[in-house]
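What follows is a short report on a single structure.
On a predicted model such as this, the values are computed, not experimentally measured, just so you know.
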Amino acid sequence: MSVVKSPLSDADLKVVGEALQGALIDAVDLSLVAKQVHWNVVGPRFRSIHLQLDEVVATARQHSDVMAERASALGVTPDGRASTVASSTAIKNVPTGWIKDDEAVQIMVDALVVVIGRMRERIETTDKPDPVSQDLLIALTADLEKHAWMFQAESRQADNP
């Protein structure tokens with residue numbers, strides 16, 4: 001029994017609830033991955049990458065809260081527990097120990113590409129059942145794509161795009 005009466009049909013609520021839960025998982029794990037890399041990055045570009053990672057963490061945390069609250073507003077209980085995130089994530093594990101700055105950038109590009117791909121699938125699936133949730137997913141994806149662009153630009157030379 002749901003505490004909140006959803007304006008969506010049961011079928012639509014299932015689709016949207018899964019999309020929001022998946023986005024929550026991805027955002028929580030992305031924030032954890034970025035923070036882990038943030039604590040362990042070393043190299044000549046340490047400071048700029050260190051600060052850039054905090055921006056990703058802030059984005060992921062903000063949007064994870066938005067996704068969880070949207071799910072709750074629809075009558076779906078969000079689950080951001082560590083065990084749920086660990087068993088459901090598609091982001092590769094971060095290596096232990098110090099992480100060279102160029103490796104840190106690649107870890108983040110890889111993580112962002114995975115999450116963006118999953119977010120774009122969720123945008124497609126929520127188009128008809130709930131444009132409001134779709135808008136939230138679009139906003140998150142736009143922010144993630146901006147971070148991906150910045151990390152990719154960090155790893156490229158002007159003469160070697």
Side-chain angles (χ1 to χ4, degrees), residues 1-41 49-96 99 104-152 154:
M1 178 177 139
S2 178
V3 173
V4 177
K5 173 74 174 120
S6 177
L8 304 178
S9 70
D10 288 346
D12 288 349
L13 186 60
K14 182 178 181 343
V15 169
V16 173
E18 288 173 1
L20 292 169
Q21 178 61 33
L24 172 62
I25 297 281
D26 285 347
V28 168
D29 197 33
L30 185 62
S31 73
L32 294 171
V33 165
K35 200 46 119 165
Q36 183 66 26
V37 175
H38 166 92
W39 292 324
N40 291 288
V41 65
I49 293 170
H50 185 79
L51 295 173
Q52 194 174 356
L53 288 162
D54 267 342
E55 293 172 5
V56 174
V57 171
T59 295
R61 286 180 178 168
Q62 175 192 357
H63 284 284
S64 66
D65 194 48
V66 169
M67 296 303 145
E69 289 178 356
R70 177 66 183 160
S72 293
L74 293 174
V76 176
T77 58
D79 186 354
R81 295 174 299 163
S83 60
T84 303
V85 173
S87 68
S88 303
T89 188
I91 302 172
K92 290 194 290 186
N93 284 332
V94 176
T96 59
I99 301 170
V105 168
Q106 191 59 55
I107 289 168
M108 291 310 301
V109 168
D110 292 347
L112 286 161
V113 165
V114 166
V115 173
I116 290 166
R118 289 165 53 112
M119 293 303 299
R120 286 188 160 275
E121 290 171 9
R122 293 178 186 117
I123 289 167
E124 291 286 327
T125 64
T126 56
D127 178 37
K128 297 270 190 263
D130 187 24
V132 175
S133 294
Q134 184 192 43
D135 281 350
L136 299 176
L137 296 166
I138 290 169
L140 170 53
T141 304
D143 286 350
L144 295 177
E145 287 177 350
K146 181 178 178 182
H147 288 300
W149 158 56
M150 291 186 173
F151 276 111
Q152 289 175 37
E154 180 83 33

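- At least one side-chain heavy atom of Glu145 sits under 4.5 Å from a side-chain heavy atom of Arg120.
- Heavy atoms only, all atoms of each residue included: Pro95 and Ile99 are closest at O-CD1, 4.1 Å.
- Side-chain atoms of Leu13 and Pro129, non-hydrogen and from C-beta on, never get closer than 4.5 Å to each other.
- Between Val57 and Ser31, the shortest heavy-atom contact is CG2-O, 3.6 Å.
- Note that OG of Ser64 and CG of Asp29 are 11.5 Å apart. Values are rounded to the nearest 0.5 Å.
- In this structure, the side chains of Leu137 and Thr126 come closer than 4.5 Å at one or more pairs of heavy atoms.
- Under a 3.5 Å cut-off, the side chain of Thr125 and the backbone N or O of Arg122 do form a donor-acceptor pair.
- Of all heavy-atom pairs spanning Phe151 and Val105, the tightest one is O-CG1, 3.2 Å.
- The closest donor-acceptor contact from the side chain of Gln21 to the backbone of Asp79 lies under 3.5 Å.
- Nearest heavy-atom pair, Ala27 versus Ala60, reported as atom, atom and distance to 0.1 Å: O-CB, 3.3 Å.
- Counting only heavy atoms from C-beta outward, the side chains of Leu30 and Leu144 approach each other to under 4.5 Å.
- The shortest distance between side-chain heavy atoms of Ser6 and Asp12 does not fall below 4.5 Å.
- Sorted by first then second residue, the salt bridge (Lys or Arg N to Asp or Glu O under 4.0 Å) pairs that include residues 61-71, not counting sequence neighbours, are Arg70-Asp130.
- In this structure a side-chain-to-backbone donor-acceptor pair under 3.5 Å is missing from Ser88 to Val85.
- Here the CG-CG distance, from Leu140 to Asp135, works out to 12.5 Å after rounding to the nearest 0.5 Å.
- Within the 4.5 Å cutoff, the side chain of Ile138 has heavy atoms near those of the Gln134 side chain.
- A 4.5 Å side-chain heavy-atom check between His63 and Leu136 finds every atom pair outside the cut-off.
- The two residues Ala148 and Ile116 make their nearest non-hydrogen contact at CB-CD1, 3.8 Å.
- In this structure, Thr84 contributes its side chain and Gly80 its backbone to no donor-acceptor pair below 3.5 Å.
- Taking CG of Leu112 as the start and CD1 of Ile107 as the end, the distance is 12.0 Å to the nearest 0.5 Å.
- Leu32 places none of its side-chain heavy atoms less than 4.5 Å from the side chain of Gln36.
- Within the structure, every pair that satisfies the ring pair (Phe, Tyr, Trp, His ring centres under 6.0 Å) test and touches residues 21-41, not counting sequence neighbours, is listed here: His38-His50.
- Residues Val41 and Ala104 share a closest heavy-atom pair of CG2-CB, 3.7 Å.
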